[in-house]
Every structure is written in C-alpha cells, then in structure tokens.
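When reading the values below, keep in mind they use all heavy atoms of this one structure, side chains included, and skip hydrogens, waters and symmetry mates.
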Amino acid sequence: MKIKDAEIISLMQNPRTQDKGVRALMDAYQSRLYWHIRRIIVDGDLAQDTLQETFIKAYQNFHQFKNDSQLYTWLYRIATNEALQQVNKLKKMQKTDEDPEYHMQNLVADNVEGDAEEIQTLLQNAIQSLPEKQKLVFMMRYYDDLPYEEISKIVDMSVGTLKTNYHYAKQKIEDYIKENYER
C-alpha cells in the first residue's frame with residue numbers, strides 16, 4: 001500500500017510521529033530522487049550521499065514546507081540544490097587535479113560493448129557537456145517526465161524559458177551523438 005502525501009505531511013508535522021513520517025517519506029521518494037540526483041552527479045556513491053543529505057535537509061526544514069506545491073516538487077528542489085552543490089564542489093576539485101573533460105569522461109564512460117551501450121554512453125557524455133540549466137531541464141523532462149509547470153517551480157524559471165532550454169538541450173545532444181557516433 002502506497003502512503004499518500006497528505007499522510008506523510010501529517011506524520012511529519014506531528015513531533016510524536018515525525019520519525020515514522022521520515023521513513024514514509026524515504027520509502028515513497030527514495031528511488032525517484034536517487035535517479036534524479038544520479039543523472040546530475042553520475043557517480044553512484046556520491047549520489048547516494050547526496051540523497052541522504054537531501055532527506056536530512058527535508059527533515060530539518062520540513063517546517064518550511066508551505067503545502068503550496070506538491071511534496072515531490074519540494075523534495076526535487078532540495079535534491080537538485082544538493083546535487084548542484086556537489087557538482088560545484090567537484091568542479092572546484094577538478095580545477096586543481098586534472099582536465100575537467102577527462103574527469104567527466106572517466107565518471108561517465110564504462111566499458112562500451114555494442115551499439116546500445118555506445119549510444120547510451122554518448123547520451124550521458126552529451127548530457128554532461130550541456131550548460132547546467134539545460135542539463136537540469138533536460139533530465140527532469142526527459143528522464144523524470146515532469147511537466148514544465150512542475151519543473152518551473154523546482155528551478156524557479158518561467159515555462160517559456162524552460163521550453164527553450166529543453167529545445168536547445170535536445171538539439172545539442174542530437175548534434176553531439178551524430179558527431180561522435182562511430183558505426
């Protein structure tokens with residue numbers, strides 16, 4: 001039986017049932033949030049750590065949830081912010097370590113066997129090459145199938161701007177794959 005958001009919110013708002021509410025929140029959203037974070041960060045262990053940070057922030061700041069958006073929208077915003085902070089930390093470390101292109105390719109590229117895997121790797125590389133806003137919009141729309149209105153609330157951007165970012169992201173990804181696909 002899947003618990004409804006209203007039940008989770010009620011549990012979280014009551015100090016006596018807050019622990020049960022956190023468990024219900026994690027059960028309901030852990031998988032979706034993990035894959036959202038994973039597409040931003042790529043590294044599985046770091047994505048798992050970021051997911052935990054997301055739930056900690058949600059727990060600590062639940063009093064700020066105003067119920068003016070859906071619960072998953074609020075959680076996606078937290079997860080997105082946490083993931084982007086991790087990406088920024090990685091970028092700062094990369095500047096001192098090695099060429100960022102090389103590092104990102106190592107994070108993304110696995111042993112490529114077959115066309116499907118090669119295209120999947122190319123897709124991930126193409127996504128990683130996008131500017132941050134386009135990458136975020138593309139992943140939320142393409143992978144999570146979120147409506148533009150929800151994405152707008154998460155990233156605090158107008159729907160028109162989101163549609164433009166998504167269009168440009170798609171075009172850049174297609175161009176990247178066409179240029180780099182070896183048959």
Without swapping roles, check the side chain of [X] against the backbone of [Y] for a donor-acceptor pair under 3.5 Å.
| X | Y | result |
| --- | --- | --- |
| T54 | T50 | yes |
| R38 | V42 | yes |
| N61 | Q64 | no |

Holding to side chain to side chain contact (heavy atoms under 4.5 Å, CB included), I want the full list of residues that pass it with [X], two or more places apart in sequence or in another chain.
| X | answer |
| --- | --- |
| D5 | I8, Y29, L71 |
| N81 | R77 |
| E53 | I56, E82 |
| V22 | M12, M26, Y59 |

What I want to find out is whether K135 reaches E132 closely enough, with some N-O distance under 4.0 Å, to be called a salt bridge. yes
Counting only heavy atoms not in Y142, do more than 12 sit closer than 6.0 Å to its OH atom? no
Pairwise distance [atom1]([X]) to [atom2]([Y]) - rounded to 0.5 angstrom:
| X | Y | atom1 | atom2 | result |
| --- | --- | --- | --- | --- |
| Q48 | I41 | CD | CD1 | 10.5 Å |
| I151 | T73 | CD1 | OG1 | 10.0 Å |
| Q70 | W74 | CD | CH2 | 14.5 Å |
| H63 | Q13 | NE2 | CD | 12.0 Å |
| D145 | E150 | CG | CD | 12.0 Å |
| I78 | F62 | CD1 | CZ | 9.0 Å |

Side-chain heavy-atom pair [X], [Y] within 4.5 angstrom cut-off:
| X | Y | result |
| --- | --- | --- |
| I177 | N125 | no |
| Y176 | L123 | no |
| I173 | L122 | no |
| W35 | I37 | no |
| R141 | L146 | no |
| Q86 | D49 | no |

Keeping to residues at least two apart or across chains, list the side chain to side chain donor-acceptor pair (under 3.5 Å) pairs with something in residues 158-172. Q134-K172, S158-T161, Q171-D175
Would you please indicate yes or no on a ring centroid separation below 6.0 angstrom for H36 and Y76? yes
How close do L11 and G21 get, heavy atom to heavy atom, and via which atoms? CB-CA, 3.6 Å
List the atom of L33, the atom of A79, and the distance in Å for their closest heavy-atom pair. CD2-CB, 3.9 Å
R39 meets the salt bridge (charged side-chain N to carboxylate O under 4.0 Å, His left out) criterion, sequence neighbours left out, with D144
